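Before any comments, here is the structure.
Quick note on labels: first sequence line is chain A, next is B, and so on, each numbered from 1. No experiment lies behind these values; they were computed from the predicted model shown.
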Protein chains: 2
Amino acid sequence: MTEFNEKQIEILQVAEKLFADEGFDGASIRTIAKDAGVNIAMISYYFGSKEKLLEALIMYRTSDMKMQLESILGDDLPPFDKIDRLVDLYINRINRHKCMYQIMHFELSTKKRILSMESFMNVKKENTAIFRKIIQEGQDAGVFRTDIIADLIPATVMGTLVHIRNNRAYFEQIYGFDTEEKFEAYMNTEVTKHIKQTIKALLANEN
Amino acid sequence: MTEFNEKQIEILQVAEKLFADEGFDGASIRTIAKDAGVNIAMISYYFGSKEKLLEALIMYRTSDMKMQLESILGDDLPPFDKIDRLVDLYINRINRHKCMYQIMHFELSTKKRILSMESFMNVKKENTAIFRKIIQEGQDAGVFRTDIIADLIPATVMGTLVHIRNNRAYFEQIYGFDTEEKFEAYMNTEVTKHIKQTIKALLANEN
DNA sequence: GTTTAAATTAAACGTTTGTTTAAATTGTTT
DNA sequence: AAACAATTTAAACAAACGTTTAATTTAAAC
């Protein structure tokens with residue numbers, strides 16, 4: 001299902017931004033409609049309800065990750081280089097869809113909404129499986145340690161990134177960033193370096 | 001300021017749970033009042049407004065962290081043992097006040113509310129400074145690497161923890177946890193091990 | 001050009017929201 | 001016991017919410 005037309009995509013994009021800025025409850029149908037340049041009734045008309053709009057949004061965004069992971073798995077690269085590419089992939093995705101991740105992590109943790117868990121979790125499971133294969137390759141090659149908990153590595157990568165983004169105001173203040181660009185530069189240099197360094201240190205086999 | 005009487009504390013505790021379960025906008029003054037066993041008007045009467053209730057809540061919870069950090073700094077322990085105690089401290093705090101962290105990380109990242117940033121950030125800054133001292137000790141002793149970004153370590157610890165808690169439904173499903181206890185046990189064993197292992201690997205000086 | 005379906009609109013629906021009011025109750029002081 | 005302040009209450013407030021309706025415009029099909 002779910003080919004979206006131009007107007008629907010416009011609504012999804014506006015909703016993504018507003019949900020992230022003001023939360024699901026905080027963003028009103030009226031504001032979304034106004035920003036998207038459509039009538040309020042169009043949202044019910046296209047998506048059924050506000051809640052189903054959120055579901056559509058999540059599915060709209062969590063579709064292409066699998067492909068990119070498989071691309072890395074298939075590449076002919078040394079294990080540690082694959083880790084570099086993996087971290088870059090996560091960072092790029094969170095940078096590109098920062099609004100989305102903000103919404104997801106809040107709405108998924110809320111007890112009020114159940115969302116379309118099944119389909120969303122299936123995507124996540126598939127992604128975890130591919131990630132584990134990449135780690136397994138490095139372990140089989142004797143390059144990575146085997147006494148680690150591979151399933152928790154994505155949690156550390158994404159958790160660190162999301163945490164720093166959520167506390168952006170704090171980092172901006174202690175480092176004196178006065179523009180958005182400076183913060184983004186910090187994310188792309190220092191933070192990226194820290195995460196790669198951390199994951200590689202964890203995986204490194206001290207033979 | 002801010003000694004709270006029994007009734008105020010009751011309201012704060014109920015608000016903490018409801019804000020975390022349903023979000024700031026999702027939790028209504030009426031529900032909070034009902035669960036706390038007080039009249040709706042009492043919340044305005046005691047705290048002024050719903051927003052000020054949130055501020056009071058955050059301040060109420062972010063007061064004792066500094067003391068505990070200083071306790072670790074003052075202890076006479078080898079650097080790596082201090083890391084163990086640090087990670088345990090973070091984990092215990094997030095376990096104990098999981099509601100609080102859920103609220104904070106969402107409300108701080110939202111553009112709608114500005115909160116009482118100044119006082120809250122000052123607490124955070126002080127905590128960061130103490131943390132850095134603990135790392136510095138290990139570096140001075142030649143046990144820790146010096147080419148690391150110490151400021152980002154707490155982000156990795158807390159980010160990993162919060163991320164896993166937020167995606168609890170996912171982990172429950174892939175590991176087949178059917179009770180709250182099993183998930184909490186997982187947090188206290190595997191996740192704790194993973195985080196300690198990761199941070200220690202990052203800090204370890206390969207001499 | 002007529003007919004049928006899809007898209008779009010403005011208006012209204014009934015709830016729920018946070019907050020305020022003004023009266024009633026309780027507690028404390030004199 | 002009287003007087004005063006602090007607490008607690010039920011009721012009302014206007015505003016905002018998500019959704020629905022029924023009428024209108026646009027597009028497609030015949």
Side-chain angles (χ1 to χ4, degrees), chain A residues 1-60 103 106-107 110-116, chain B residues 1-60 103 106-107 110-116:
Chain A
M1 63 157 170
T2 63
E3 285 285 318
F4 296 118
N5 63 39
E6 281 183 33
K7 212 145 255 179
Q8 287 172 305
I9 291 177
E10 174 69 19
I11 293 173
L12 285 171
Q13 286 171 345
V14 169
E16 178 173 26
K17 170 142 186 55
L18 284 174
F19 283 161
D21 283 356
E22 321 197 359
F24 180 77
D25 291 298
S28 78
I29 291 283
R30 281 170 177 77
T31 315
I32 295 171
K34 205 180 73 183
D35 285 14
V38 300
N39 188 275
I40 2 164
M42 294 307 291
I43 288 166
S44 294
Y45 179 72
Y46 276 138
F47 298 98
S49 71
K50 192 185 183 186
E51 207 140 327
K52 284 186 186 158
L53 169 64
L54 175 62
E55 289 189 17
L57 177 55
I58 290 186
M59 280 305 132
Y60 176 59
I103 305 164
F106 179 66
E107 296 304 332
T110 237
K111 285 176 186 153
K112 260 177 83 184
R113 278 172 283 281
I114 329 194
L115 297 178
S116 61
Chain B
M1 61 158 171
T2 64
E3 286 284 319
F4 296 118
N5 64 37
E6 281 184 34
K7 212 144 257 180
Q8 286 172 305
I9 291 177
E10 174 69 18
I11 294 173
L12 286 171
Q13 286 170 344
V14 169
E16 179 174 25
K17 171 142 185 54
L18 285 173
F19 283 162
D21 283 355
E22 322 198 356
F24 180 77
D25 291 298
S28 79
I29 291 282
R30 281 169 179 78
T31 315
I32 295 171
K34 206 180 73 180
D35 285 14
V38 300
N39 189 276
I40 5 167
M42 294 306 293
I43 287 167
S44 294
Y45 178 72
Y46 275 136
F47 299 98
S49 70
K50 191 185 181 184
E51 208 140 329
K52 283 185 186 157
L53 169 64
L54 176 62
E55 288 188 19
L57 178 55
I58 290 187
M59 279 307 135
Y60 175 59
I103 304 164
F106 179 68
E107 295 306 330
T110 237
K111 283 177 186 155
K112 262 177 80 183
R113 280 171 280 282
I114 326 189
L115 295 179
S116 61

| request: Evaluate the side-chain contact (heavy atoms from CB on, under 4.5 Å) criterion for residues B:Ile9 and B:Tyr60: first the C-alpha distance (whole Å), next the side-chain angles of each, then the deciding distance (0.1 Å), finally the verdict. | output: CA-CA 9 Å; B:Ile9 291 177; B:Tyr60 175 59; 3.5 Å; yes
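- At whole-Å resolution of the value, NZ in B:Lys52 and P in C:dG18 are 16 Å apart.
- Pairing analysis of DNA chain D (Watson-Crick: purine N1 to pyrimidine N3 plus N6-O4 or O6-N4; G-U wobble: N1-O2 and O6-N3; both under 3.5 Å) yields stems of 3 or more pairs at C:1-30 with D:1-30.
- When all heavy atoms are compared, the tightest approach of A:Leu53 to A:Ala15 is CD2-CB, 4.0 Å.
- Using a 4.0 Å heavy-atom distance criterion, B:Phe47 is classed as making no nucleic acid contact.
- When each of A:Ile40, A:Val14, A:Leu18 is paired with A:Thr31, the side chain to side chain contact (heavy atoms under 4.5 Å, CB included) condition holds for A:Leu18 and for no other.
- Extent of DNA chain D lying under 4.0 Å from chain B heavy atoms, first and last nucleotide in 5' to 3' order, is D:dA6 to D:dA12.
- Of the inter-residue distances, the one linking B:Glu22 atom CD with B:Lys17 atom NZ reads 9.0 Å to the nearest 0.5 angstrom.
- Here the straight-line distance linking atom CD1 of A:Ile32 with atom CD of A:Glu16 works out to 11.5 Å at 0.5 Å rounding.
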| query | Where along nucleotides 19-24 of chain C does protein come under 4.0 Å, by heavy atom, of base (B) or sugar-phosphate alone (S), with - for untouched nucleotides? | reply | BBB---
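- Between the CG atom of A:Leu57 and the CZ atom of A:Phe24 there is a distance of 10.0 Å, given to the nearest 0.5 Å.
- Between the CD atom of B:Gln13 and the CD atom of B:Gln8 there is a distance of 12.5 Å, given to the nearest 0.5 Å.
- A distance of 9.5 Å separates CZ in B:Phe19 from CG in B:Leu12, rounded to the nearest 0.5 Å.
- Going from atom CZ of B:Phe47 over to atom CD1 of B:Ile29 covers 10.0 Å, rounded to the nearest 0.5 Å.
- For B:Ser28, a side-chain nitrogen or oxygen approaches OP1 or OP2 of C:dT17 to under 4.0 Å.
- Of all non-hydrogen atoms in A:Asn39 and A:Ala41, the two that sit nearest each other are OD1-N, 2.9 Å.
- The distance from atom CG of B:Asn5 to atom C1' of C:dG27 is 14 Å, rounded to the nearest whole Å.
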